[in-house]
2 protein chains.
Amino acid sequence: MNLKLSTSEENYIKSIYHLQSVSDIVNTNSLAKELNTKAASVTDMLKKLKLKKLIQYERYYGFKLNDKGTQTALSIIRRHRLWEYFLVSKLGFDWDKVHIIAEELEHVSSMELIKKLDTYLGNPKIDPHGDPIPDVNGRLPVIKQINLFKLPLKKTGIVSSVSNQSPQMLEMLKHYGIRIGSQIKINKAFDFDRSLEIKLSKQPACIISEQVAKNIFVYHD
Amino acid sequence: MNLKLSTSEENYIKSIYHLQSVSDIVNTNSLAKELNTKAASVTDMLKKLKLKKLIQYERYYGFKLNDKGTQTALSIIRRHRLWEYFLVSKLGFDWDKVHIIAEELEHVSSMELIKKLDTYLGNPKIDPHGDPIPDVNGRLPVIKQINLFKLPLKKTGIVSSVSNQSPQMLEMLKHYGIRIGSQIKINKAFDFDRSLEIKLSKQPACIISEQVAKNIFVYHD
DNA sequence: AAATAAATTTAGACAAACCTAAAAATATTT
DNA sequence: AAATATTTTTAGGTTTGTCTAAATTTATTT
Ligand SMILES: [Mn+2]
Ligand SMILES: [Mn+2]
Ligand SMILES: [Mn+2]
Ligand SMILES: [Mn+2]
């Protein structure tokens, strides 16, 4: 039995992982929808993944990743997010364009490549969408992120994620020059409309509305 | 019929191109050998590539790339060599390790990715093995390279290729700090043993033997 | 407790890419 | 010109990953 996983097998493993982290009920249909395929194809693949000892699976009963499967998923997610980070920070892609490309790059199998890429990028801990990047051992860094409103005045935070990723929101953030990784400080909080005057490094201060601010999360030590 | 080429189809196209550039006699068997596959599989693929109008093919008679096929090949080679350049110049891989990895990366299909990668790398013209990188329009840059011995004294050349790529040779070059793309100048040529005193930017001058020098090719304007 | 609905699995097929073994075409000896 | 050798193609299979349609199991109504 082949040790190396195919692109398809990897995509299934990753999708199961994601569905599991969102809800406990991971079933054949939801997985089929996630992967743009049919329930019958999912069943076929579940049998194979069970044979490869990556999932627990009893027919009609349900399925979930076992330890080996979880580790595998984390390693694929690591590759995916490192590539996303590369595409944004080095090649200058907008963060809403990188997912589809990383979906292909994540399947390039060289261990050495990912090790060197990680070093080259400076061992980043969060990807351009604010999601944590698992380390070599599959451990997810704990990112103690707080809502921008909870950041004390005049204290520097680093933008770690944005909960609304609609094109409209991304357009605004781009206009303000706010990105994942940006250093941000609150100069003043206005009670009247809960707007905030913020200061980003190398940029003049500006004011953002409550609607924008409440979707921004930062971390600080 | 699917417009996008599969990884396999791309590998076949690229191999045909390479065999054609080496010898006129490109036949089923040589292609099978090049691709580590069997003659029967090659015949199957030749039919498909003909259907996709990438090759001229008459059974028992022979085959070759047509214009569309040649352009396709050059575009794959462009991706391959840009990735090789990236792996060496940015990630610090040794040049003898990058081919296998680029063999996978070349199949990632985003046009935008290659455009941005090219810009990021500074539009390089030669890959780490000294091979020319086709431009966006599939044109191969003409690299007027000369043997290091032909480089006039005190004139700067750029190392463009090395004809001996044995591990022993690569080890020596690494020790001297000589790489594809290095700026190199000849300070003095010794008649006694035909050794050369050379000067690389940011390095003290050093002397290389005739055996080493004769394998080094440079280009200069 | 039936009846009905929903979810899941099986049965059977298909395309892509590969294989082995045999047949057919072409090339080279004798 | 035959005989032999080489090259290439076909015939028929396999594996992977997909599909539709039908069967089976489980869940929800009535
Ligand atoms: Mn993927
Ligand atoms: Mn992401
Ligand atoms: Mn390849
Ligand atoms: Mn190369």
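Below, chain A is the first sequence line, B the second, and so on; all start at residue 1.
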message = Can you tell me if B:Tyr12 touches the phosphate of C:dC18, counting only side-chain N or O atoms and a distance under 4.0 Å to OP1 or OP2?
response = yes

- Query: Should A:Arg59 be listed as having a side-chain N or O under 4.0 Å from OP1 or OP2 of D:dT26?
  - Reply: no

A:Lys38 atom NZ is separated from C:dA7 atom P, nearest whole Å, by 15 Å

When rounded to the nearest 0.5 Å, the distance separating CG of A:Leu148 from NZ of A:Lys150 is 11.0 Å

B:Lys33 NZ to D:dT8 P, in whole Å, measures 12 Å

Report task. May I ask you to test the A:Tyr12-A:Leu35 pair for a side-chain heavy-atom distance under 4.5 Å? Result -> yes

Whole-Å distance, B:Leu46 CG to D:dT10 C1', equals 14 Å

note: A:Lys52, atom NZ; D:dT16, atom C1'; distance rounded to Å ~ 10 Å

OP1 or OP2 of C:dC19 sitting under 4.0 Å from any side-chain N/O of B:Ser41?
-> yes

Take atom NZ in B:Lys202; do more than 12 heavy atoms of anything else shown fall under 6.0 Å from it? no

Here the distance between atom P of C:dA7 and atom CG of A:Leu31, to the nearest Å, is 15 Å

In whole angstroms, the gap separating P of D:dT25 from CD of A:Glu58 amounts to 15 Å

- B:Ser8 side-chain N/O to C:dC18 phosphate OP1/OP2 under 4.0 Å: yes

Contacts of A:Asn36 and A:Asn2 projected onto DNA chain D by closest heavy atom; the upstream (5') one is A:Asn2

Phosphate oxygens OP1/OP2 of C:dT9: is one of them under 4.0 Å from a side-chain N or O of A:Tyr61? no

Within the 3.5 Å criterion, strictly below it, is a donor on B:His80 or B:Glu84 matched to an acceptor on the partner's side chain?
yes

So, does the side chain of B:Tyr60 form a donor-acceptor pair with the base of D:dT7 at under 3.5 Å?
-> no

May I ask you to verify if any side-chain N or O of B:Asn29 is less than 4.0 angstrom from the OP1 or OP2 atom of D:dT8?
yes

CG of A:Leu65 to CG of A:Leu74, rounded to nearest 0.5 Å, is 9.0 Å

Here the distance between atom P of D:dG13 and atom CG of B:Asp44, to the nearest Å, is 15 Å

Under 4.0 Å, heavy atoms only, any strand: does B:Phe63 hit a base, just the sugar-phosphate, or nothing? nothing

Separation of D:dT15 atom P from A:Lys47 atom NZ, nearest Å, is 15 Å

| request: Could you tell me whether B:Lys90 sits above the aromatic face of A:Phe86, with NZ or CZ closer than 6.0 angstrom to the six-membered ring centre and within 45 degrees of the axis? | output: no

*Please work out if A:Thr43 contacts a base, only the sugar-phosphate, or nothing of the nucleic acid, heavy-atom cut-off 4.0 Å.*
base

Assign each of B:Val42 and A:Thr7 the nucleotide of DNA chain D bearing its closest heavy atom; nearer the 5' end lies the nucleotide of B:Val42

With the side chain defined as heavy atoms from C-beta on, B:Ala40 is closest, among C:dT8, D:dT8, C:dC19, to C:dC19

When you measure from the side-chain N and O atoms of A:Thr37 to the phosphate of D:dT18, is any distance below 4.0 Å, counting only OP1 and OP2?
no

